[in-house]
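Here is the structure we will look at, set down as C-alpha coordinates.
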Amino acid sequence: MNEGSTSIAQASPNIALIKYWGNLNHELRIPANNSLSITLGDLTTTTTVDLDPQLSEDHLTINAQAASDAARQRASDLLAILREMAGSRTFATIESQNNFPMGAGIASSASAFAALAVAGCAAYGLDLDLPSLSRIARRASGSAARSICSGFVELHCSHEEDGAFAETLFPQDHWDLVDIIAIVDKEHKQVTSTQGHLLADTSPLQAARVADASRRVEICKQALQSKDFQQLAQVVELDSNLMHAVMMTSSPVLLYWQPETIVLMEAVQKMRAGGLEVCYTIDAGPNVHCICSASSLTAVRDQLVSLGNIQEILISTPGPGAALV
(Lines give C-alpha, C1' and ligand atoms only; values in the text may rest on other atoms or scores of the structure.)
Protein backbone atom coordinates (compact mmCIF):
# COMPACT_ATOMS: atom_id res chain seq x y z
CA MET A 1 0.00 0.00 0.00
CA ASN A 2 1.22 3.48 -0.87
CA GLU A 3 0.52 5.67 2.20
CA GLY A 4 -0.65 8.67 0.22
CA SER A 5 -2.36 6.94 -2.67
CA THR A 6 -5.44 8.40 -4.34
CA SER A 7 -8.24 6.33 -5.86
CA ILE A 8 -11.40 7.37 -7.70
CA ALA A 9 -14.49 5.21 -8.16
CA GLN A 10 -17.91 5.70 -9.68
CA ALA A 11 -21.16 3.99 -8.72
CA SER A 12 -24.83 4.37 -9.51
CA PRO A 13 -27.92 4.35 -7.33
CA ASN A 14 -30.44 1.57 -7.80
CA ILE A 15 -34.20 1.29 -7.76
CA ALA A 16 -35.60 -1.65 -5.83
CA LEU A 17 -38.32 -3.63 -7.59
CA ILE A 18 -38.74 -5.75 -4.45
CA LYS A 19 -37.90 -3.54 -1.49
CA TYR A 20 -35.46 -3.85 1.39
CA TRP A 21 -37.06 -2.34 4.51
CA GLY A 22 -36.09 -3.38 8.03
CA ASN A 23 -33.13 -5.40 9.25
CA LEU A 24 -32.39 -8.75 10.86
CA ASN A 25 -29.35 -7.04 12.36
CA HIS A 26 -29.28 -3.23 12.52
CA GLU A 27 -25.60 -2.92 13.42
CA LEU A 28 -24.48 -5.02 10.45
CA ARG A 29 -27.37 -3.83 8.25
CA ILE A 30 -28.40 -7.37 7.37
CA PRO A 31 -31.74 -7.02 5.57
CA ALA A 32 -34.95 -8.63 6.82
CA ASN A 33 -35.73 -10.01 3.34
CA ASN A 34 -34.19 -10.53 -0.08
CA SER A 35 -34.61 -7.64 -2.50
CA LEU A 36 -34.32 -7.09 -6.25
CA SER A 37 -33.16 -3.93 -7.99
CA ILE A 38 -32.01 -2.26 -11.20
CA THR A 39 -28.71 -0.38 -11.15
CA LEU A 40 -29.37 3.04 -12.71
CA GLY A 41 -26.32 3.61 -14.88
CA ASP A 42 -27.12 7.15 -16.07
CA LEU A 43 -27.08 8.51 -12.50
CA THR A 44 -23.68 8.53 -10.84
CA THR A 45 -21.70 9.30 -7.72
CA THR A 46 -17.98 9.86 -8.23
CA THR A 47 -15.87 9.48 -5.10
CA THR A 48 -12.20 10.25 -4.53
CA VAL A 49 -10.33 8.77 -1.56
CA ASP A 50 -6.98 10.46 -0.90
CA LEU A 51 -4.88 8.93 1.89
CA ASP A 52 -3.01 11.54 3.91
CA PRO A 53 -0.65 10.52 6.76
CA GLN A 54 -0.92 14.08 8.14
CA LEU A 55 -4.64 13.75 8.97
CA SER A 56 -5.89 12.91 12.48
CA GLU A 57 -9.38 11.96 11.21
CA ASP A 58 -11.21 11.42 7.93
CA HIS A 59 -12.56 14.47 6.08
CA LEU A 60 -15.62 14.37 3.79
CA THR A 61 -17.07 16.80 1.27
CA ILE A 62 -20.25 16.12 -0.71
CA ASN A 63 -20.83 18.17 -3.86
CA ALA A 64 -17.98 20.47 -2.74
CA GLN A 65 -19.64 21.20 0.63
CA ALA A 66 -18.38 20.04 4.02
CA ALA A 67 -20.51 17.05 5.07
CA SER A 68 -22.46 16.84 8.31
CA ASP A 69 -20.81 15.16 11.29
CA ALA A 70 -23.20 12.22 10.94
CA ALA A 71 -22.36 11.71 7.25
CA ARG A 72 -18.63 12.04 7.91
CA GLN A 73 -18.82 9.50 10.73
CA ARG A 74 -20.72 7.02 8.56
CA ALA A 75 -18.08 7.29 5.83
CA SER A 76 -15.28 7.06 8.39
CA ASP A 77 -16.83 3.91 9.89
CA LEU A 78 -16.69 2.26 6.46
CA LEU A 79 -13.05 3.26 5.94
CA ALA A 80 -12.26 1.99 9.45
CA ILE A 81 -13.29 -1.50 8.30
CA LEU A 82 -10.89 -1.21 5.35
CA ARG A 83 -8.08 0.18 7.52
CA GLU A 84 -8.39 -2.80 9.84
CA MET A 85 -8.27 -5.22 6.91
CA ALA A 86 -5.24 -3.43 5.45
CA GLY A 87 -3.42 -2.93 8.75
CA SER A 88 -3.33 0.84 8.17
CA ARG A 89 -3.78 3.81 10.48
CA THR A 90 -3.87 6.43 7.71
CA PHE A 91 -6.93 8.65 7.43
CA ALA A 92 -8.31 10.02 4.19
CA THR A 93 -9.87 13.01 2.49
CA ILE A 94 -13.07 11.88 0.76
CA GLU A 95 -14.67 13.94 -2.01
CA SER A 96 -18.06 12.81 -3.34
CA GLN A 97 -19.98 14.28 -6.29
CA ASN A 98 -23.51 13.36 -7.46
CA ASN A 99 -25.20 14.19 -10.76
CA PHE A 100 -28.68 13.78 -9.21
CA PRO A 101 -30.54 15.06 -6.10
CA MET A 102 -29.48 13.65 -2.72
CA GLY A 103 -31.65 12.42 0.14
CA ALA A 104 -34.85 12.50 -1.88
CA GLY A 105 -35.56 8.81 -2.33
CA ILE A 106 -33.20 8.19 -5.26
CA ALA A 107 -30.76 6.03 -3.28
CA SER A 108 -27.93 8.56 -3.10
CA SER A 109 -26.50 6.71 -0.08
CA ALA A 110 -26.40 3.49 -2.11
CA SER A 111 -24.22 4.96 -4.84
CA ALA A 112 -22.16 6.99 -2.37
CA PHE A 113 -21.15 4.06 -0.19
CA ALA A 114 -20.69 1.66 -3.11
CA ALA A 115 -18.28 4.16 -4.69
CA LEU A 116 -16.57 4.73 -1.34
CA ALA A 117 -16.11 0.99 -0.77
CA VAL A 118 -14.47 0.52 -4.18
CA ALA A 119 -12.29 3.64 -4.00
CA GLY A 120 -11.35 2.92 -0.38
CA CYS A 121 -10.33 -0.65 -1.13
CA ALA A 122 -8.07 0.51 -3.93
CA ALA A 123 -6.56 3.30 -1.83
CA TYR A 124 -5.72 0.91 1.01
CA GLY A 125 -4.32 -1.68 -1.38
CA LEU A 126 -7.06 -4.29 -0.89
CA ASP A 127 -8.02 -6.62 -3.76
CA LEU A 128 -11.51 -7.91 -2.97
CA ASP A 129 -14.08 -9.86 -5.01
CA LEU A 130 -17.58 -8.51 -5.67
CA PRO A 131 -19.33 -10.37 -2.81
CA SER A 132 -16.77 -8.99 -0.35
CA LEU A 133 -17.16 -5.45 -1.71
CA SER A 134 -20.94 -5.85 -1.48
CA ARG A 135 -20.72 -6.92 2.18
CA ILE A 136 -18.51 -3.95 3.04
CA ALA A 137 -20.78 -1.45 1.26
CA ARG A 138 -23.77 -3.01 3.05
CA ARG A 139 -22.25 -2.15 6.43
CA ALA A 140 -22.72 1.55 5.59
CA SER A 141 -26.00 1.30 3.61
CA GLY A 142 -28.01 -1.83 2.96
CA SER A 143 -28.94 -0.76 -0.56
CA ALA A 144 -25.29 0.10 -1.32
CA ALA A 145 -24.67 -3.66 -1.40
CA ARG A 146 -26.79 -3.74 -4.58
CA SER A 147 -25.04 -0.75 -6.23
CA ILE A 148 -21.78 -2.72 -6.27
CA CYS A 149 -23.38 -4.92 -8.95
CA SER A 150 -24.48 -4.27 -12.53
CA GLY A 151 -27.84 -4.67 -14.25
CA PHE A 152 -30.60 -6.56 -12.44
CA VAL A 153 -29.49 -7.43 -8.92
CA GLU A 154 -30.53 -9.55 -5.93
CA LEU A 155 -29.49 -8.77 -2.35
CA HIS A 156 -29.66 -11.83 -0.11
CA CYS A 157 -30.75 -11.76 3.50
CA SER A 158 -29.05 -14.24 5.81
CA HIS A 159 -28.68 -15.01 9.48
CA GLU A 160 -24.96 -15.34 8.73
CA GLU A 161 -23.10 -12.11 7.95
CA ASP A 162 -21.21 -13.67 5.04
CA GLY A 163 -24.48 -14.63 3.35
CA ALA A 164 -25.82 -11.07 3.13
CA PHE A 165 -24.45 -9.79 -0.18
CA ALA A 166 -25.72 -8.84 -3.62
CA GLU A 167 -25.10 -10.40 -7.02
CA THR A 168 -26.15 -9.73 -10.60
CA LEU A 169 -29.11 -11.87 -11.71
CA PHE A 170 -29.31 -10.58 -15.28
CA PRO A 171 -26.86 -8.34 -17.18
CA GLN A 172 -27.71 -4.72 -17.89
CA ASP A 173 -28.71 -5.47 -21.49
CA HIS A 174 -31.07 -8.32 -20.51
CA TRP A 175 -34.24 -6.22 -20.92
CA ASP A 176 -34.54 -2.68 -22.28
CA LEU A 177 -36.40 -1.23 -19.32
CA VAL A 178 -36.16 2.45 -18.48
CA ASP A 179 -36.64 4.26 -15.17
CA ILE A 180 -38.27 7.67 -15.58
CA ILE A 181 -37.91 9.37 -12.20
CA ALA A 182 -40.54 12.05 -11.62
CA ILE A 183 -39.07 14.50 -9.09
CA VAL A 184 -41.79 16.29 -7.14
CA ASP A 185 -39.55 17.41 -4.27
CA LYS A 186 -35.74 17.76 -4.24
CA GLU A 187 -35.55 18.59 -0.54
CA HIS A 188 -33.65 16.33 1.87
CA LYS A 189 -36.22 14.07 3.54
CA GLN A 190 -36.91 14.63 7.23
CA VAL A 191 -36.48 10.98 8.23
CA THR A 192 -33.59 9.08 6.64
CA SER A 193 -33.85 5.50 5.42
CA THR A 194 -31.47 4.42 8.19
CA GLN A 195 -33.87 5.84 10.78
CA GLY A 196 -36.82 4.30 8.94
CA HIS A 197 -35.34 0.81 9.02
CA LEU A 198 -35.16 1.06 12.80
CA LEU A 199 -38.90 1.75 12.91
CA ALA A 200 -40.01 -1.07 10.59
CA ASP A 201 -40.66 -3.59 13.34
CA THR A 202 -42.97 -1.15 15.16
CA SER A 203 -45.52 -1.70 12.37
CA PRO A 204 -47.95 -4.61 12.82
CA LEU A 205 -47.69 -5.11 9.04
CA GLN A 206 -43.93 -5.65 8.82
CA ALA A 207 -44.00 -9.33 9.83
CA ALA A 208 -46.58 -10.09 7.13
CA ARG A 209 -44.63 -8.09 4.52
CA VAL A 210 -41.43 -10.01 5.30
CA ALA A 211 -43.19 -13.39 5.46
CA ASP A 212 -44.53 -12.92 1.92
CA ALA A 213 -41.33 -11.40 0.49
CA SER A 214 -39.86 -14.63 -0.91
CA ARG A 215 -43.05 -15.22 -2.93
CA ARG A 216 -42.88 -11.71 -4.41
CA VAL A 217 -39.17 -12.13 -5.17
CA GLU A 218 -39.86 -15.32 -7.14
CA ILE A 219 -42.73 -13.71 -9.09
CA CYS A 220 -40.49 -10.74 -9.94
CA LYS A 221 -37.62 -13.01 -10.99
CA GLN A 222 -39.98 -14.93 -13.28
CA ALA A 223 -41.25 -11.68 -14.78
CA LEU A 224 -37.70 -10.46 -15.40
CA GLN A 225 -36.62 -13.81 -16.84
CA SER A 226 -39.57 -13.99 -19.27
CA LYS A 227 -39.78 -10.20 -19.82
CA ASP A 228 -43.45 -10.27 -18.82
CA PHE A 229 -44.24 -6.62 -18.19
CA GLN A 230 -47.76 -7.07 -16.85
CA GLN A 231 -46.57 -9.58 -14.25
CA LEU A 232 -43.68 -7.27 -13.35
CA ALA A 233 -45.98 -4.26 -12.95
CA GLN A 234 -48.37 -6.04 -10.61
CA VAL A 235 -45.72 -7.35 -8.22
CA VAL A 236 -43.60 -4.17 -8.26
CA GLU A 237 -46.55 -1.91 -7.39
CA LEU A 238 -47.77 -4.35 -4.75
CA ASP A 239 -44.36 -4.47 -3.13
CA SER A 240 -43.97 -0.69 -3.13
CA ASN A 241 -47.41 -0.26 -1.57
CA LEU A 242 -46.60 -2.84 1.09
CA MET A 243 -43.43 -1.04 2.11
CA HIS A 244 -45.21 2.30 2.37
CA ALA A 245 -48.03 0.64 4.32
CA VAL A 246 -45.42 -0.46 6.85
CA MET A 247 -44.04 3.08 6.97
CA MET A 248 -47.48 4.58 7.46
CA THR A 249 -48.26 2.16 10.31
CA SER A 250 -44.91 2.51 12.08
CA SER A 251 -44.58 4.34 15.38
CA PRO A 252 -43.97 7.19 14.83
CA VAL A 253 -45.69 7.26 11.46
CA LEU A 254 -43.56 7.75 8.35
CA LEU A 255 -45.47 9.44 5.53
CA TYR A 256 -43.20 10.14 2.58
CA TRP A 257 -45.96 10.61 -0.01
CA GLN A 258 -47.06 14.08 -1.06
CA PRO A 259 -50.28 14.92 -2.94
CA GLU A 260 -48.28 14.97 -6.19
CA THR A 261 -47.01 11.46 -5.42
CA ILE A 262 -50.55 10.08 -5.40
CA VAL A 263 -51.46 11.97 -8.58
CA LEU A 264 -48.51 10.30 -10.31
CA MET A 265 -49.39 6.83 -9.00
CA GLU A 266 -52.91 7.15 -10.38
CA ALA A 267 -51.65 8.56 -13.68
CA VAL A 268 -49.27 5.62 -14.16
CA GLN A 269 -52.08 3.12 -13.58
CA LYS A 270 -54.26 4.94 -16.12
CA MET A 271 -51.42 4.88 -18.65
CA ARG A 272 -51.03 1.14 -18.20
CA ALA A 273 -54.77 0.59 -18.52
CA GLY A 274 -54.51 2.56 -21.76
CA GLY A 275 -51.91 0.18 -23.19
CA LEU A 276 -48.56 1.63 -22.15
CA GLU A 277 -46.01 -0.61 -20.45
CA VAL A 278 -45.35 1.37 -17.28
CA CYS A 279 -45.58 0.82 -13.52
CA TYR A 280 -44.62 2.85 -10.46
CA THR A 281 -42.41 2.19 -7.48
CA ILE A 282 -41.46 4.62 -4.70
CA ASP A 283 -38.50 4.44 -2.37
CA ALA A 284 -38.23 6.30 0.96
CA GLY A 285 -39.25 9.68 -0.42
CA PRO A 286 -42.01 11.40 -2.39
CA ASN A 287 -40.55 10.97 -5.86
CA VAL A 288 -41.99 8.38 -8.23
CA HIS A 289 -39.97 5.93 -10.30
CA CYS A 290 -41.91 5.06 -13.44
CA ILE A 291 -40.49 1.81 -14.80
CA CYS A 292 -41.38 1.39 -18.46
CA SER A 293 -40.36 -0.46 -21.60
CA ALA A 294 -38.17 1.44 -24.07
CA SER A 295 -41.06 1.41 -26.57
CA SER A 296 -43.30 3.26 -24.11
CA LEU A 297 -40.66 5.79 -22.97
CA THR A 298 -41.62 8.77 -25.13
CA ALA A 299 -45.38 8.47 -24.52
CA VAL A 300 -44.94 8.00 -20.77
CA ARG A 301 -42.55 10.94 -20.48
CA ASP A 302 -44.88 13.21 -22.47
CA GLN A 303 -47.87 12.29 -20.31
CA LEU A 304 -45.88 12.86 -17.13
CA VAL A 305 -44.79 16.32 -18.34
CA SER A 306 -48.40 17.19 -19.20
CA LEU A 307 -49.40 16.70 -15.54
CA GLY A 308 -47.49 19.89 -14.72
CA ASN A 309 -46.61 19.03 -11.12
CA ILE A 310 -43.09 17.69 -11.68
CA GLN A 311 -39.95 19.70 -10.88
CA GLU A 312 -37.62 17.56 -12.95
CA ILE A 313 -37.50 14.27 -14.84
CA LEU A 314 -34.46 11.99 -14.70
CA ILE A 315 -34.12 9.03 -17.06
CA SER A 316 -31.88 6.00 -16.68
CA THR A 317 -31.43 2.58 -18.21
CA PRO A 318 -29.84 -0.40 -16.42
CA GLY A 319 -26.12 0.16 -16.00
CA PRO A 320 -22.79 -1.07 -14.69
CA GLY A 321 -21.79 -1.72 -11.12
CA ALA A 322 -19.32 0.28 -9.04
CA ALA A 323 -15.84 0.51 -10.55
CA LEU A 324 -12.60 2.44 -10.43
CA VAL A 325 -12.38 5.40 -12.78
Side-chain angles (χ1 to χ4, degrees), residues 12-24 29-40 105-107 109-110 114 134 137-138 141-158 163-172 174-175 177-179 181 193 196-197 200-201 203 205-248 256 265 268 272 277-285 287-292 316 318 321:
S12 295
N14 62 80
I15 179 61
L17 304 175
I18 303 297
K19 305 295 190 188
Y20 149 54
W21 195 250
N23 291 311
L24 289 176
R29 284 188 169 87
I30 296 177
N33 60 274
N34 286 28
S35 57
L36 301 176
S37 65
I38 302 173
T39 301
L40 301 175
I106 316 177
S109 63
S134 180
R138 190 205 72 232
S141 164
S143 55
R146 298 190 304 240
S147 281
I148 292 291
C149 304
S150 63
F152 299 83
V153 177
E154 180 171 15
L155 170 58
H156 302 282
C157 72
S158 173
F165 65 94
E167 60 182 340
T168 296
L169 278 176
F170 303 105
Q172 61 194 71
H174 168 70
W175 191 3
L177 295 180
V178 183
D179 184 10
I181 309 169
S193 296
H197 287 298
D201 287 332
S203 167
L205 304 182
Q206 171 70 347
R209 189 195 73 84
V210 171
D212 186 60
S214 59
R215 182 188 70 88
R216 299 192 304 280
V217 165
E218 287 309 311
I219 291 170
C220 192
K221 281 185 182 179
Q222 291 169 13
L224 292 172
Q225 174 76 55
S226 60
K227 303 177 186 177
D228 182 335
F229 196 90
Q230 291 304 317
Q231 186 181 42
L232 180 75
Q234 289 173 11
V235 74
V236 165
E237 290 185 354
L238 168 63
D239 193 83
S240 178
N241 292 347
L242 279 169
M243 182 180 74
H244 283 272
V246 168
M247 294 170 173
M248 292 177 198
Y256 287 114
M265 293 161 69
V268 166
R272 192 163 70 252
E277 290 185 327
V278 60
C279 64
Y280 68 76
T281 186
I282 305 161
D283 275 351
N287 302 313
V288 181
H289 294 254
C290 305
I291 310 294
C292 68
S316 183

Who are the side-chain contact (heavy atoms from CB on, under 4.5 Å) partners of Ser316, not counting sequence neighbours?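 Partners of Ser316 under the side-chain contact (heavy atoms from CB on, under 4.5 Å) test: Leu40, Asp42, Leu43.
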
Any residue meeting side-chain contact (heavy atoms from CB on, under 4.5 Å) with Pro31, in chain and number order, not counting sequence neighbours: Tyr20, Arg138, Leu155, Cys157, Ala164

Residues Arg209, Asn33; criterion side-chain hydrogen bond (donor to acceptor under 3.5 Å, both in side chains); working and verdict: CA-CA 9 Å; Arg209 189 195 73 84; Asn33 60 274; 2.8 Å; yes

To the closest 0.5 Å, what do you measure between OG (Ser141) and CZ (Arg29)?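 If we round to the nearest 0.5 Å, Ser141:OG and Arg29:CZ are 6.5 Å apart.
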
What distance separates Thr281 OG1 from Met265 CE, expressed to the nearest 0.5 Å? 9.5 Å

Under 4.0 Å between a Lys/Arg side-chain N and an Asp/Glu carboxylate O for Glu237 and Arg272? yes

Among side-chain atoms of Arg146 and Ser35, is any donor-acceptor pair under 3.5 angstrom? yes

Side-chain heavy-atom pair [X], [Y] within 4.5 angstrom cut-off:
| X | Y | answer |
| --- | --- | --- |
| Leu242 | Leu205 | no |
| Phe152 | Thr168 | no |
| Val153 | Ile38 | no |
| Phe229 | Leu177 | yes |
| Val217 | Asn34 | yes |
| Cys220 | Leu232 | yes |

How far apart are the closest heavy atoms of [X] and [Y], and which atoms are they?
| X | Y | value |
| --- | --- | --- |
| Gly321 | Ser150 | N-CB, 3.3 Å |
| Asn287 | Ile282 | O-CG2, 3.5 Å |
| Ser147 | Ser12 | OG-O, 2.6 Å |
| Cys279 | Val236 | SG-CG1, 4.1 Å |
| Ala137 | Ala114 | CB-CA, 4.3 Å |
| Ala110 | Ser143 | CB-OG, 3.5 Å |

Side chain of [X], backbone of [Y]: donor and acceptor closer than 3.5 Å?
| X | Y | value |
| --- | --- | --- |
| His244 | Asp283 | yes |
| His197 | Gly142 | no |
| Ser134 | Ala145 | yes |

With Leu36, which of Ile18, Asn14, Asp239 fulfils side chain to side chain contact (heavy atoms under 4.5 Å, CB included)? Ile18

Given Tyr280 and Asn241, is the side-chain hydrogen bond (donor to acceptor under 3.5 Å, both in side chains) satisfied, shown in steps? CA-CA 10 Å; Tyr280 68 76; Asn241 292 347; 3.1 Å; yes

Please collect all side-chain hydrogen bond (donor to acceptor under 3.5 Å, both in side chains) contacts where either partner lies in residues 220-235, sequence neighbours excluded, each pair once.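 Non-adjacent pairs meeting side-chain hydrogen bond (donor to acceptor under 3.5 Å, both in side chains): Glu154-Lys221.
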
Quick one, Leu238 with Arg216, criterion side chain to side chain contact (heavy atoms under 4.5 Å, CB included). Give me CA distance, side-chain angles, the key distance, then yes/no. CA-CA 9 Å; Leu238 168 63; Arg216 299 192 304 280; 4.1 Å; yes

Check the pair Trp21, Val246 against side chain to side chain contact (heavy atoms under 4.5 Å, CB included), reporting the backbone distance first and the verdict last. CA-CA 9 Å; Trp21 195 250; Val246 168; 4.0 Å; yes

Given His289 and Asp179, is the side-chain hydrogen bond (donor to acceptor under 3.5 Å, both in side chains) satisfied, shown in steps? CA-CA 6 Å; His289 294 254; Asp179 184 10; 2.7 Å; yes

